[in-house]
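Small disclaimer: the values here were computed from a predicted structure and weren't measured.
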Amino acid sequence: AMLGCALLLPTVLGEDCPSQCSCWSLGEPWGTGVDCSSRGLRALPALPRLTRILHLHNNSLASIPAGALDSLGHLQELRLWDNPWHCDCHILYLKLWLQDFSAPALARLHCAGPAPLRMKPLGQLTGNDLGVCTRLLPTKCLQFFWRDLILIAGAVITLLLVAWALKLSKKLVCQLHLRSRRLRRSILKTH
């Protein structure tokens, strides 16, 4: 039985543990520790859902994709310092997430770029600093505009077709009604 347990534990961790990192079990109810520090990472690897401790310091991370940390509901310790954070609108998710998770962790992070924001603490970034976000907005608005325009055009065409079909069906009903009257009259006249 002891051999079965020894074989099972690494497999469970192996399935979840990112290949670039090392993982250790904190015991079943407590989850997993994941050490991805000093690995030259440029992107966040897929992390075990039960990650409780996460070390990502001393890498080449410039931002964290929006929503990437939301599934880590068991996370208690996160180390992110010594990464070249690029402070444009893509950093906003990390800033807001860390405001909720850990103010001290946020206080340790500084922008590496763009040049005007170099060494500025992430926690002190304002809407004015992230002015690039306003430039991203019109593109998204345009996408929604064309999508909505196509949907509206489709709805209008459908309504016109329905109206035309109703008009045609009324015409047919009227013609059938008139024909049946004429038929009745001609039957009555012959009898």
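Residues Val34 and Leu56 are not in side-chain contact: their nearest non-hydrogen atoms beyond the backbone lie 4.5 Å or more apart. Considering only heavy atoms from C-beta on, Cys87 comes within 4.5 Å of Leu122 through its side chain. The closest side-chain heavy-atom distance from Ile157 to Leu159 is not below 4.5 Å. Proximity of Val162 to Leu166: side-chain heavy atoms (C-beta onward) are separated by under 4.5 Å at one or more points. Residues Pro121 and His110 form a side-chain contact, since some pair of their non-hydrogen atoms from C-beta on lies under 4.5 Å apart. The shortest distance between side-chain heavy atoms of Leu117 and Trp85 does not fall below 4.5 Å. For the pair Cys17 and Ser22, the minimum side-chain heavy-atom distance is 4.5 Å or more.
In this structure, the side chain of Ser102 engages the main chain of Ala105 through a donor-acceptor pair within 3.5 Å. Of the possible donor and acceptor atoms, one in the side chain of Arg52 sits under 3.5 Å from a partner among the backbone N and O of Trp30. For Thr51 (side chain) and Leu47 (main-chain N/O), no donor-acceptor pair under 3.5 Å exists by modelled atom type. Proximity of a side-chain donor or acceptor of Arg42 to a complementary backbone N or O of Ser60 within less than 3.5 Å is not detected. At distances below 3.5 Å, at least one donor-acceptor pair connects side-chain atoms of Asp35 with backbone N or O atoms of Ser37. Looking only at distances, a side-chain donor or acceptor of Tyr93 sits under 3.5 Å from a matching main-chain atom of Leu69.
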- [ ] Please assess Leu109 against Leu94 for the test side-chain contact (heavy atoms from CB on, under 4.5 Å), listing each intermediate value before the final yes or no.
- [x] CA-CA 10 Å; Leu109 306 187; Leu94 180 62; 4.3 Å; yes

- [ ] Please report the C-alpha distance between Trp24 and Ile53 in whole Å, then the side-chain angles of each, then the deciding distance to 0.1 Å, and finally whether the side-chain contact (heavy atoms from CB on, under 4.5 Å) criterion is met.
- [x] CA-CA 10 Å; Trp24 67 96; Ile53 295 170; 4.2 Å; yes

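The two residues Asn83 and His57 have their closest heavy-atom pair at ND2-CA, 4.0 Å. Residues Cys23 and Thr32 share a closest heavy-atom pair of CB-CG2, 4.0 Å. The two residues Ile91 and Ala62 have their closest heavy-atom pair at CD1-O, 3.7 Å. Shown here for Leu125 and Cys111, the closest heavy-atom pair between the two residues is CD2-SG, 3.9 Å.
Rounded to the nearest 0.5 angstrom, Leu106 CG and Leu96 CG are separated by 9.5 Å. To the nearest 0.5 angstrom, Arg39 atom CZ is 8.5 Å from Asn59 atom CG. How far CZ of Arg79 is from CG of Asn58: 12.5 Å, rounded to the nearest 0.5 Å.
Using a 4.5 Å cut-off between side-chain heavy atoms of Ile, Leu, Val, Met, Phe, Trp and Tyr, with links allowed through other members, Leu50 and Leu72 fall into different hydrophobic clusters. Hydrophobic clustering (side-chain heavy atoms under 4.5 Å, transitive across Ile, Leu, Val, Met, Phe, Trp, Tyr) keeps Trp164 apart from Val156.
The number of heavy atoms from other shown groups lying within 6.0 Å of CH2 (Trp81) is above 12.
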